[in-house]
Amino acid sequence: MADRRQKRAPREVDTSRPSTSRVYGFMLGGKDNYEADRRLALRVLEIMPDAPQAALANREFLTRVVRFLAAQAGVRQFLDIGVGLPAQDNVHEVARSAAPGSRVVYVDHDPIVLVHGRALLAVDDRTAIVEGDAREPEAIIDDPETRRLIDLGEPVGLLMLGVLHHLADHEDPSGIVARLMERLPSGSYLAVSHFHNPADHAEASGQAYAAEKLFHESLGTGRWRTRAEILACFDGLELLEPGLVPLPEWRPGAGDRAKPGLAHHTVLGGVARKP
């Protein structure tokens, strides 16, 4: 039976090809996906049965990071690159629960994310969603909506969760981070979550290699990097405790629900401050 939701897809959305945002949303229990996304998600689950737990851990990491930045680090403006489909506890909601008036610019290049984001995330004059690609960092910073909401004279929380592993080595992900952080003032923070190939864990490493092969076949993207490669994204910054760790281990909270499994070892996260 044909997927009826394909008939209601925005005109610019190609429903015949899977989308990283929609597959991630599927893992979180979202409904904004199509047959191609579900086919890929089911193949991922064959390799990584606990992938939904990894997706949940990433979402909970985001929540803890934003809460820390707003409540403890004094950050009042956030730039979320690769926001993905709206879900529970979006950045502006978490930030404002700790610091009312916080400003947020969401950035993505997926058409369906932009459609849903403009409806659900750009809720007032202190939030905006910008069409942009991490590969063009200067265009993101210089976008009129970014400049309207982000004061480059004050600290910024730069969120790049689940983004850099979709950049190929020749696209220089650590260099892209450096170009972004160069434009942000001292006292700004960088948060990253990234697919990881744990060389010291044979089973998880094999899972990472299989997933990387599948992603390249289906999406043309996806890189499970070594710890050293991911750490390069924080060059020149002060990495906060507990460092670069599996997501559930970064300052865990009492309300966390993600259960550690094999995928626990294949996604790392960290937060760093620009001195």
Side-chain angles (χ1 to χ4, degrees), residues 58 61-83 90-108 125-130 132-165 167 171-194 225 227-245 247 249-251 268-275:
N58 189 68
F61 173 67
L62 170 68
T63 300
R64 296 195 305 274
V65 167
V66 173
R67 186 176 295 123
F68 161 75
L69 293 179
Q72 299 182 46
V75 174
R76 298 294 179 265
Q77 47 186 2
F78 296 84
L79 183 60
D80 185 0
I81 299 180
V83 55
N90 295 296
V91 171
H92 68 279
E93 296 166 330
V94 177
R96 290 177 190 171
S97 70
S102 295
R103 304 183 305 280
V104 179
V105 174
Y106 296 104
V107 182
D108 212 295
D125 61 2
R126 291 169 294 152
T127 62
I129 184 158
V130 168
D133 192 312
R135 298 170 184 84
E136 299 175 346
E138 290 79 15
I140 291 173
I141 297 293
D142 293 329
D143 186 279
E145 282 292 88
T146 303
R147 300 307 295 269
R148 178 177 71 85
L149 289 174
I150 302 295
D151 179 355
L152 295 180
E154 299 292 334
V156 177
L158 174 60
L159 310 174
M160 302 192 77
L161 275 62
V163 174
L164 298 173
H165 51 233
L167 301 179
E171 293 172 312
D172 190 17
S174 61
I176 285 171
V177 172
R179 287 158 61 189
L180 283 163
M181 293 303 297
E182 184 179 13
R183 298 288 301 273
L184 303 184
S186 297
S188 293
Y189 289 81
L190 167 71
V192 167
S193 66
H194 197 298
R225 292 189 166 93
R227 179 181 179 82
E229 289 174 319
I230 301 169
L231 278 172
C233 297
F234 297 101
D235 284 352
L237 306 176
E238 299 170 347
L239 193 62
L240 305 187
E241 292 294 336
L244 183 66
V245 294
L247 302 184
E249 297 179 18
W250 196 91
R251 307 190 182 193
L268 300 182
V271 179
R273 182 181 183 274
K274 181 176 180 177

Note to self: One pair to check against side chain to side chain contact (heavy atoms under 4.5 Å, CB included): Val271 and Arg251. What are the steps and the verdict?
What the structure shows: CA-CA 11 Å; Val271 179; Arg251 307 190 182 193; over 6 Å; no

Note to self: For a 4.5 angstrom cut-off between non-hydrogen side-chain atoms, does Val65 reach Trp250?
What the structure shows: yes

Checklist line | Side-chain heavy atoms of Ile141 within contact of Leu79, under 4.5 Å | finding: yes

Item checked: Side-chain heavy-atom pair Asp143, Val107 within 4.5 angstrom cut-off -> no

Item checked: From Leu237 atom CG to Ser188 atom OG, the distance as rounded to the nearest 0.5 Å -> 10.0 Å

Item checked: Separation of Leu62 CG from Arg67 CZ (nearest 0.5 Å) -> 10.0 Å

Note to self: Using side-chain heavy atoms (C-beta onward) and a distance below 4.5 Å, is Leu231 in contact with Leu239?
What the structure shows: yes

Check: Between Gly157 and Leu69, which heavy-atom pair has the shortest distance, and what is it?
Finding: CA-CD1, 4.3 Å

Check: Can you name the residues that form a salt bridge (charged side-chain N to carboxylate O under 4.0 Å, His left out) with Arg135, not counting sequence neighbours?
Finding: Asp133, Glu171

Item checked: Gap separating the CG atom of Leu158 from the CZ atom of Phe78, nearest 0.5 angstrom -> 11.0 Å

Notebook entry, point to check: Would a 4.5 Å heavy-atom cut-off, applied to side chains only, mark Arg183 and Pro137 as touching?
Noted result: no

Check: Does any non-hydrogen side-chain atom of Arg227 lie less than 4.5 Å from one of Leu268?
Finding: yes

Next item on the list: Show the numbers, then the answer: is there a side chain to side chain contact (heavy atoms under 4.5 Å, CB included) between Leu164 and Cys233?
Entry: CA-CA 9 Å; Leu164 298 173; Cys233 297; 3.8 Å; yes

Check: For Val66 and Ala95, which heavy atoms make the closest approach, and how far apart are they?
Finding: CG1-N, 3.7 Å

Next item on the list: State the CD1-CG distance between Ile176 and Leu167, to the nearest 0.5 angstrom.
Entry: 5.0 Å

Checklist line | Straight-line distance of Leu184 CG to Gln77 CD, nearest 0.5 Å | finding: 9.0 Å

Next item on the list: Would you please test Ile140 and Val130 for side chain to side chain contact (heavy atoms under 4.5 Å, CB included) and show each step?
Entry: CA-CA 8 Å; Ile140 291 173; Val130 168; 5.7 Å; no

Checklist line | Non-hydrogen atoms of Ser186 and Pro155 that approach each other most closely | finding: O-CG, 4.1 Å

Next item on the list: Before giving the answer on side chain to side chain contact (heavy atoms under 4.5 Å, CB included), spell out for Arg103 and Asp151 the whole-Å C-alpha distance, their side-chain angles and the decisive distance to 0.1 Å.
Entry: CA-CA 10 Å; Arg103 304 183 305 280; Asp151 179 355; 4.1 Å; yes

Check: For Arg96 and Gly101, which heavy atoms make the closest approach, and how far apart are they?
Finding: CG-N, 4.1 Å

Checklist line | Any side-chain heavy-atom pair of Asp142 and Arg147 under 4.5 Å | finding: yes

Notebook entry, point to check: Looking only at heavy atoms, which two atoms of Val75 and Val156 are closest? And how far apart?
Noted result: CG1-C, 4.1 Å

Notebook entry, point to check: Just wondering, do Arg76 and Glu154 contact through their side chains at under 4.5 Å, heavy atoms?
Noted result: no

Note to self: Restricting to non-hydrogen atoms, name the atom on Val192 and the atom on Phe61 that form the minimum distance, rounded to 0.1 Å.
What the structure shows: O-CE2, 3.7 Å

Notebook entry, point to check: Would you say Ser193's side chain and Gly162's backbone share a donor-acceptor pair under 3.5 angstrom?
Noted result: yes

Item checked: Separation between CZ of Arg148 and CG of Asp125, rounded to the nearest 0.5 Å -> 6.5 Å

